[in-house]
Every structure is written in C-alpha cells, then in structure tokens.
Amino acid sequence: MRDVQVFLAKKGARYLSEKLHTRVEIGSVDIEFFKKLVLEDVYIEDLHHDTLFYAQKLKLDISDFNIEQRKINIASVNLTNSKVALIQYIDEDYLNLQFILDAFNSKDTTKKKPADWDIRFQNLTLENTSFIYHRQSHTEISKGINYYDIHVKNMNSVINTIQIEHDTIHAVIENLSAIEKSGFTLKNFSSVVKINSIGLQLKELKIETPESKIATNLTFKYNTYRDFNDFVNQITLKADFDRSVLEMDDIAYFAPQIKGMYQKLLVSGQISGRVNNLRGKAMNILLHNTQTQFIGDIKLTGLPKIEETLIYLNVEQLKTNYNDLKQLAIPPFDKSQTLDVPANVAKLGNMKFKGTFTGLYNDFYAYGNFSSALGKLYMDLSVQHDQKLNKEFYKGKLKSTAFDFGEFFGVPMLGKATANITVDGTGLTVEKVVASLKGTINSLEFNEYTYKNIAVEGDIAKQIFKGKLNVKDENVDFDFNGNIDFTGELPNLDFISTLERADLVALNFLKTTKKTNKSKTK
C-alpha cells in the first residue's frame, strides 16, 4: 500500500511539474474512494526556485464530486505545518502565483468557455501555518506592520461555512491566532466574513490581543484590493464599538507615528470614514485606570500624523483631573514625554467641560462651560502651547461664576469673583501670568469684603496690575488709575484716584466702630 501511495504522489507531482514548468514534490498520497485525500510533504516551487507552497500534511474530505456538473463540495480541508509565500519580485508586474493561474487558464479562444467550477469549502483548519506577502520593489523600513512585507507565523484557526459565489467569499472564522514579524500578536479573531473586490464585511467581530479586547461590526470599502497598500488614504471603514478595550500600543503597529503612546482606552460608539478623515459619533471613551472620560462626537482630519491632525470635538462631557493630565503622553510619543501641567491646576480638583473644541492638540479653540472645585467658568478662548517656550498663550472671552481666583493663583487677600472679561495673555501661575484684561466684575472678594460693580481695563505681569478700575459699590465709589503690586504680604498701591466715598471699616482696612465714609477726595 505504501508503494502505491508513493507512486501516486510521484505521478501527481510529475504531472503538476510539467503543467506548471516548476518543481513540485508530493511525499505520499492516500485516497479513500475519492472521498478523502491526504497529501504529505507537498512542495510547490515558484519560477525563482523559492517556496510558493509547502504543507507537511494536506487533508481533504470531499462530500460531493461531479465532473459533469463541474461541482466540488469539500467538507473539510486541513493544513498542518504549512507555508504560503506570495512574492512580487523586482521588475515583475505580478505575484509569483500568476504562472499557476495562467497554466490552468484556457488559451484557445475558439472553444466555448466552460462554466465555472462550483467549489465550496465547508471547513478549513489551519495548524501552525505561515503566510508571507512581499513586494521586493518596496524597501521602506517600518516600525510597525509593513504592508509590503508581511510575515505571519504560528497561524491557527478554524474557518467554517465557506462559500464562493463569483467574486464573493463567505465564511465564519473562529479562533484565529497568529504572530506577525513586527511583534503584533493576535490571540483570537472571530467573525462572520463577507469579502469581494469592493468590500470586506466583518460581522460579530471579536479581536483579542494580549492588551486589547475589541467587539464590533466592521466594514471596509475600497475600489480594488490594491487600495490596502495605502490603507490610511484609500480604505473607508465603518465600525460600531461596544465597550471595547483598546491599547494604543497595538494601534501603533498599524500607525507607527503613535508608537510609545502606552494608553489603554475603553471605547463605545460609531466610527466611520478613512483613517485620514475619521468621524466618531456618540463616542464614550474612558482612559483606563483614570477618571478621564470623553462623551460626544469627534472629527479627526490628518491622522496618523498627530502633530498635523485637525481635531473637532462636540463635547457632551469631558472630565479629568490634574493627576490624569500629568500622565497624558504628547508627541513625539517615542520620547516618553507627558503633558507639562502647572501645579496649581491640582487645586481645581475634578474638572468637567461641555462645549466644542477645534484645532490641533496644541493650538485650539475652546467654547463652552467649565466647572471645578474652585467654581465655574464660561470660555470662548483660543489656546496655543509653545513647545520651545513651554508656555500657554490664550485669547478670547472668559466669564466666571464664583470662581476662587485667589485660591487658584495663591493670593491670600483675593477670593471668589463673578466676572465677564476679555483676556489676551500667557501663563497659568501667578508668577508667570502676563495678560491684558478688559471687562466687568459683578462681584469680587478682596480683603474679606465682596466688591460689586467693577469695570476693569489693564495689564497684569510679574504680579503687578497696571490699569484702570471703576468701582460703584455701596461702601466705595471711586475711579482708579495706577498700579497694584501683589508681590508683598499686603498690596502696594501707586495710583491717581477720584474717591466719591469709601467706608474703610466696612472694607476691612480699618478696625474701629466709627463710620469712616470718606467722599470726594483726590
């Protein structure tokens, strides 16, 4: 029996070698009533004398075979310790598989073309399979997955209910695991798959890596399979995530620009568009092991180049705190740099923002309501971070509701303020603030007294205010033009003023029981 198996193997290998004009080897063939076929040590060489296909064992279980109807129904295919290598050699237009396709295509155009074979696979099992795709004309070095030089090894999977209808393949993939040479490790991949020349549909998709766990329905649309060579700009995707755990370092294998951004996200919501023009609707993103959460809509234009990506956020809720902000990685991510946050931001406690955010990550426009442990702010500001100077520049309108500026800036005599001002400046600490201010202050706590109805216009720098104040309060009525120096324990004033009235006791400048209402003094 063994002699017969070897004879059949050599006979089949010789036929294929002559047909394909290349080296084909088959160790043995075992046929059982044309229903089961087992091939061992199958080797097919390409025209460059390199491996095109190898399988230590290839087993087919044929449930239906009809030559007249040109129909084959294969119940199962098992590939054990196999290798497939698809290579496009330099100065060649096609993959090394093309000569096989040509060999089995009829070249006699006078004959009537026979009907296509109806081939159906019910089940495909891969055990320790290796897959290579290499276009030798592309010599770029990639820090992540190189789409022109892919090498997947240790591939194991069961693929069920395979149907081929014209150019469309239907299948159910279960428990696919593999390792790509870049280091990307796939622990599990399962999905109901539909693929053809213009689209890939992955229903009930589940992807698991050592750090990520994704659940979604995912579709890719394209004009041709070649579009995958320019995935970022040519492939349109649509996904609906359901509480997926996503490690950004896994994404870095596909977008190397974010390599070093070690941050795990819990993601829900709908994403659509090309990678370079991405949209997110009803997104809920929580940074793992933090209090930082985003709820709202997202538009990103320019990915994967983070520094050049235009961001639009419609924020239903954004919450964070000082400790979380300090941990945020900033580009270039491979430098392991994190956001530089002034220490006094910690006084804000848990912060919340609702509004819109437009611009680059370090040069943006923010519009909306901000609440914190120190009070509430309404902002209509443009903000820019200068990396070289390590400064924040801001310009626009700022409204406050009982916001404790004294606590935030560390000025003991200053307290809460409700104000409506325009601001143009830089710096977030009392030592670094340089700003121009203009507007009205409805109420301001100073020296344990709450002033009302203040008009302000001036500049503040190095803890010195220079400008004009007009105060119309029940205990004080005056115009002020000069300087206020906050660098000492008590403010140092140098000014010209028209004083209509001032109750210095009520204003807590004097300790006495007598009324001290001064009026009309210059």
Side-chain angles (χ1 to χ4, degrees), residues 241 246 248 251 257-258 261 263 265-273 275-287 290-331 333 337-342 345 348-372 374-387 390-401 403 421-428:
F241 292 97
L246 184 61
M248 297 306 293
I251 302 300
Q257 292 87 346
I258 63 173
M261 188 180 179
Q263 179 63 63
L265 309 177
L266 183 62
V267 181
S268 297
Q270 302 167 6
I271 293 178
S272 62
V275 172
N276 67 352
N277 193 19
L278 211 55
R279 301 290 182 267
K281 185 178 181 181
M283 299 301 298
N284 189 331
I285 304 173
L286 175 66
L287 271 62
T290 74
Q291 298 296 315
T292 298
Q293 183 179 23
F294 169 87
I295 299 174
D297 301 328
I298 300 173
K299 294 181 181 179
L300 302 172
T301 304
L303 286 175
K305 297 179 180 179
I306 298 295
E307 296 90 341
E308 301 175 13
T309 297
L310 182 63
I311 303 168
Y312 171 78
L313 305 179
N314 179 29
V315 185
E316 288 296 322
Q317 178 177 280
L318 174 61
K319 59 181 183 180
T320 189
N321 57 47
Y322 172 78
N323 290 329
D324 290 356
L325 291 174
K326 286 284 289 183
Q327 297 176 40
L328 288 180
I330 59 173
F333 298 110
Q337 298 179 117
T338 56
L339 195 62
D340 185 14
V341 185
V345 173
L348 296 171
N350 292 322
M351 298 170 275
K352 293 183 180 179
F353 175 78
K354 181 178 181 179
T356 60
F357 176 106
T358 307
L360 306 175
Y361 84 95
N362 60 354
D363 186 1
F364 59 88
Y365 172 79
Y367 172 91
N369 295 301
F370 172 88
S371 61
S372 71
L374 297 183
K376 296 181 179 180
L377 296 173
Y378 166 83
M379 59 182 65
D380 188 353
L381 293 174
S382 62
V383 182
Q384 182 182 32
H385 177 77
D386 190 305
Q387 189 103 12
N390 193 26
K391 283 186 178 181
E392 294 77 22
F393 293 86
Y394 41 83
K395 183 177 182 179
K397 296 180 180 180
L398 193 64
K399 295 180 183 179
S400 65
T401 303
F403 189 89
I421 62 174
T422 59
V423 59
D424 185 354
T426 181
L428 295 176

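Keep in mind it's a predicted model, so treat the numbers as computed, not measured.
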In this structure, are over 12 heavy atoms from other groups packed under 6.0 Å from Y365 atom OH?
yes
Please confirm whether the backbone N or O of K397 pairs with a side-chain atom of Y378, one donor and one acceptor, at under 3.5 Å?
no
Tell me, do I295 and I285 make a side-chain contact under 4.5 Å, heavy atoms counted?
no
Modelled atom types, side-chain donor and acceptor of Q291 and N350, under 3.5 Å:
no
Within the structure provided, determine whether V315 and F294 are in side-chain contact (heavy-atom separation under 4.5 Å).
yes
Can you tell me if N314 and T356 form a side-chain donor-acceptor pair at under 3.5 Å?
no
R279 side chain near I298 side chain, heavy-atom distance below 4.5 Å:
no
Does the separation of the ring centres of F357 and F364 fall below 6.0 angstrom?
yes
Do V341 and L325 come within less than 4.5 Å of each other through their side chains, counting heavy atoms only?
yes
Considering all heavy atoms of both residues, which atom of T292 and which atom of N321 are nearest to each other, and what is their separation?
OG1-N, 4.5 Å
Any side-chain heavy atom of Y367 sitting closer than 4.5 Å to one from L381?
no
dist I330:CD1 -> E307:CD (nearest 0.5 Å) comes out at 10.0 Å
What is the minimum heavy-atom distance between E392 and D340, and which atoms define it?
OE2-O, 4.3 Å
Determine yes or no for a side-chain-to-main-chain donor-acceptor pair under 3.5 angstrom, with D324 supplying the side chain and T290 the backbone.
no
Distance, nearest 0.5 Å, that separates CG of L286 from CD of Q293
5.0 Å
If you measure only the distance, is there a donor-acceptor pair under 3.5 Å linking the side chains of N284 and S268?
no
4.5 Å side-chain heavy-atom contact, K354 and Q317
no
Can you check whether F403 reaches S372 side chain to side chain, under 4.5 Å on heavy atoms?
yes
Looking at T301 and N277, would you say the former's side chain and the latter's main chain have a donor-acceptor pair under 3.5 Å?
no
Between I306 and I258, is the side chain to side chain contact (heavy atoms under 4.5 Å, CB included) condition met? List the steps.
CA-CA 8 Å; I306 298 295; I258 63 173; 3.8 Å; yes
Around atom NZ of K326, are there more than 12 heavy atoms of other residues, nucleotides or ligands at under 6.0 Å?
yes
Spacing of OG belonging to S400 relative to NZ belonging to K376, to within rounding of 0.5 Å:
12.5 Å
Out of curiosity, E308 CD to L360 CG, how far, rounded to the nearest 0.5 Å?
9.0 Å
Candidate pair F370 and L348, rule side chain to side chain contact (heavy atoms under 4.5 Å, CB included), full reasoning:
CA-CA 11 Å; F370 172 88; L348 296 171; 4.1 Å; yes
NZ on K299 to OH on Y312, rounded to 0.5 Å:
6.5 Å
Could you tell me if the side chain of K391 sits less than 4.5 Å from the side chain of H385, heavy atoms only?
no
Atom OG1 of T426 and atom CD of Q384: how far apart are they, to the nearest 0.5 Å?
9.5 Å
If you apply the rule side chain to side chain contact (heavy atoms under 4.5 Å, CB included), what do you find for L278 with I271, and how did you get there?
CA-CA 7 Å; L278 211 55; I271 293 178; 3.8 Å; yes
Run the numbers on F353 and M379 for side chain to side chain contact (heavy atoms under 4.5 Å, CB included), then give the verdict.
CA-CA 10 Å; F353 175 78; M379 59 182 65; 4.1 Å; yes
